[in-house]
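Heads up: the structure comes next, in structure tokens.
Residue numbers start at 1 and run along the sequence shown. Hydrogens, waters and symmetry mates are skipped; everything else that's a heavy atom, side chains included, is used.
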Amino acid sequence: MDRNRIIPIVMLIFLLLLSGCWDSNELNSLSFVAATAIDRDEDRKQWVISFQVVIPQAIATQTGGGACGSQSPVTIFSTRGRTIREAMQNASLETPRTLFFGHNSVLIMNEGVARTEGVKQMLDFFLRPIESRETMSVLLTKGKASDLLEVFIPLEKINGNAIQRVIEQSHDKLSQVQNIKLIDFATMLADPNSDAKVPEVRISGNKQSQSSLDALKSTRSKAVIKLGDLGVFRHDKLIGWMNRRESRGVAWLSNEVSQMIIVFPCDERNPDQLSSFAVIKSSTELDPKVHADGIVMDVRVKAEGVLDEMSCPMKLKDPDVIKVLERAIEDEIKEEIQAAWSKMRELNADVAGIRNVIHRKQPVAWRKLSQSKQPLEQIEIRMHVKASIENTNMLYQPFSNMLEPKQ
């Protein structure tokens, strides 16, 4: 047979063999998961996995960011199993479609699960599938994790996406809450020189009232989702919490402050008179020094910003007045850093990467430090904070100075 005829025939055979994909799924056979919550039934020794599944038809028929029709844009259902995989498999008994996690944006863990069971099994499961998102945000809650999936959030159609946006905005605007992604959480846990941290999310208000579509017809939400404390892990288990002030101190130590509002007393004689300083640029450098009795960590913080609010009647054009305000801001930053450091020592947990800095800059001292059961007790911090008020925005003096006594 002519060679020119054989080649097309062979190519046609290969095309017939290669057509189609063995693991393909039609879109109308998938349930798109927007958020996942993990609880534990200790009485039955079972995992309880809850899913927030998007209803495409409901979203397609709604108009506007917060508008809501007669059908909920999401549905919630829970499954149980002795393992997470078994619980996922049991989901096929309740839903006619295959769960798809490619759009899962949030993973919420119950505090009890994180304390008793740990997170290694959860991470092992969610890091294995090809479709799983390593960039999903990891969160903790002190209550029932599945409750957070049921709260409707105004201006957003999909609750899971709204929770992630709250985290991202808090990270960018406040810097006291870090958006911990799944891959980052796993990396922190696997790092022998640091401990992991995860932000807490909670429901504030009447959860039952905000779980109905009727809640979106009201001008005031009966319940809202808020970010709270910071969960601290050692190995794969939750060991304690840091409050918001301590969380801000961790952000300073970790060089993670991008924007932040610092409230400070502008008058030493009247500490109840408070003003606001908006940080627009900051940097933190850690420089460990080895001494005979341990390690001293020089913490050099630079914070630049603007005066956002002023309650004291001061002449802001006077450089000496600006220096006084800058010292008050520096003292406030020092107190936040000290609060975080004291809590880290109490928990014996390094969530700021202090030991990693020592490992890089003082490897000999790090070897000795790594043998200690209380490594942070052998480290002292020495703070050097410099705050700079770059401008006072649109006002050169407090508005109170303009209120002259009327004749």
Subject >> Test: K142 cationic atom under 6.0 Å from W241 six-membered ring centre, within 45° of axis >> reply: yes

Subject >> K197 (side chain) donor-acceptor with V351 (main chain) under 3.5 angstrom >> reply: yes

Subject >> Neighbour count above 12 (heavy atom, 6.0 Å) for E268 CD >> reply: no

Original post:
Do E285 and K302 sit within salt-bridge range, that is, some charged N less than 4.0 Å from a carboxylate O?
Top reply: no

Original post:
So which heavy atom on E309 is nearest to which on S275, and how close?
Top reply: O-CB, 3.1 Å

Original post:
Could you walk me through whether I389 and V306 pass the side chain to side chain contact (heavy atoms under 4.5 Å, CB included) check?
Top reply: CA-CA 5 Å; I389 298 177; V306 299; over 6 Å; no

Original post:
Any salt bridge between R128 and D124, counting N to O under 4.0 Å?
Top reply: yes

**OP:** Answer yes or no: are there more than 12 heavy-atom neighbours, outside H235 itself, under 6.0 Å from its atom NE2?
**Re:** no

**OP:** With sequence neighbours left out, write down each residue that passes salt bridge (charged side-chain N to carboxylate O under 4.0 Å, His left out) with K373, or none if nothing qualifies.
**Re:** none

Original post:
Between the side chain of S388 and the main-chain N/O of E390, is any donor-acceptor distance below 3.5 Å?
Top reply: no

Report, one line per pair, each donor and acceptor closer than 3.5 Å where one atom sits in a side chain of residues 181-191; sequence neighbours left out.
residue	atom	partner	partner atom	Å
T187	OG1	I183	O	2.7
D191	OD1	N193	N	2.9
D191	OD2	S194	OG	3.3
D191	OD2	N356	ND2	2.8

**OP:** Please check if the side chain of N110 supplies one atom and the backbone of A145 the other of a donor-acceptor pair under 3.5 Å.
**Re:** no

**OP:** For atom NZ of K144, decide whether the heavy atoms of other residues, nucleotides or ligands shown that lie under 6.0 angstrom number more than 12.
**Re:** no

**OP:** Quick one: list whatever passes side chain to side chain donor-acceptor pair (under 3.5 Å) with N104, sequence neighbours left out.
**Re:** T36

Original post:
Quick check: are there more than 12 heavy atoms from other residues, nucleotides or ligands sitting under 6.0 Å from NZ of K323?
Top reply: no

**OP:** Give every residue pair that meets the ring pair (Phe, Tyr, Trp, His ring centres under 6.0 Å) criterion with at least one member in residues 311-350, sequence neighbours excluded.
**Re:** none

Original post:
What's the verdict on side chain to side chain contact (heavy atoms under 4.5 Å, CB included) for E117 and R40, showing C-alpha distance, side-chain angles and the deciding distance?
Top reply: CA-CA 9 Å; E117 298 296 325; R40 179 83 177 173; 3.6 Å; yes

**OP:** Taking all non-hydrogen atoms of both residues into account, name the closest pair between I163 and L139 and its distance.
**Re:** CG2-CD1, 3.6 Å

Subject >> Residue pair R355, D195: steps toward the side chain to side chain contact (heavy atoms under 4.5 Å, CB included) verdict >> reply: CA-CA 10 Å; R355 286 179 294 170; D195 297 295; 3.4 Å; yes

Original post:
Would you call E336-R248 a salt bridge at under 4.0 Å N-O?
Top reply: yes

Subject >> Pairwise ring pair (Phe, Tyr, Trp, His ring centres under 6.0 Å) hits with a residue in residues 273-327, at least two apart >> reply: none

Anything under 3.5 Å between a donor and an acceptor, one on a side chain of residues 73-82, the other on a protein residue two or more places apart or in another chain? List them.
residue	atom	partner	partner atom	Å
S78	OG	S50	OG	2.6
T79	OG1	A87	O	2.8
R80	NH1	D41	OD2	2.6
R82	NE	E86	OE1	3.3
R82	NE	E86	OE2	3.4
R82	NH2	E86	OE2	2.8

**OP:** Answer yes or no: is there a donor N or O on one side and an acceptor on the other, between the side chain of K237 and the main chain of T116, under 3.5 Å?
**Re:** yes

**OP:** Decide whether Q338 and S342 meet the rule of one side-chain donor and one side-chain acceptor closer than 3.5 Å.
**Re:** yes

Original post:
Are E111 and R115 ion-paired here, with the side-chain N under 4.0 Å from a carboxylate O?
Top reply: yes

Original post:
Would you find a donor on one side and an acceptor on the other, under 3.5 Å apart, between the side chain of N179 and the backbone of E168?
Top reply: no

Original post:
Of all heavy-atom pairs between D39 and V113, which one has the smallest distance, and what is that distance?
Top reply: C-CG2, 3.6 Å

**OP:** Look at atom CD of Q89 and say whether more than 12 heavy atoms of other residues, nucleotides or ligands are closer to it than 6.0 Å.
**Re:** no

**OP:** Evaluate side chain to side chain contact (heavy atoms under 4.5 Å, CB included) for V138 paired with V106, printing each intermediate quantity in order.
**Re:** CA-CA 6 Å; V138 180; V106 174; over 6 Å; no

Original post:
Heavy atoms, side chains only, cut-off 4.5 Å: are E304 and S282 in contact?
Top reply: no

Subject >> More than 12 heavy atoms of other groups within 6.0 Å of Q378 CD >> reply: yes

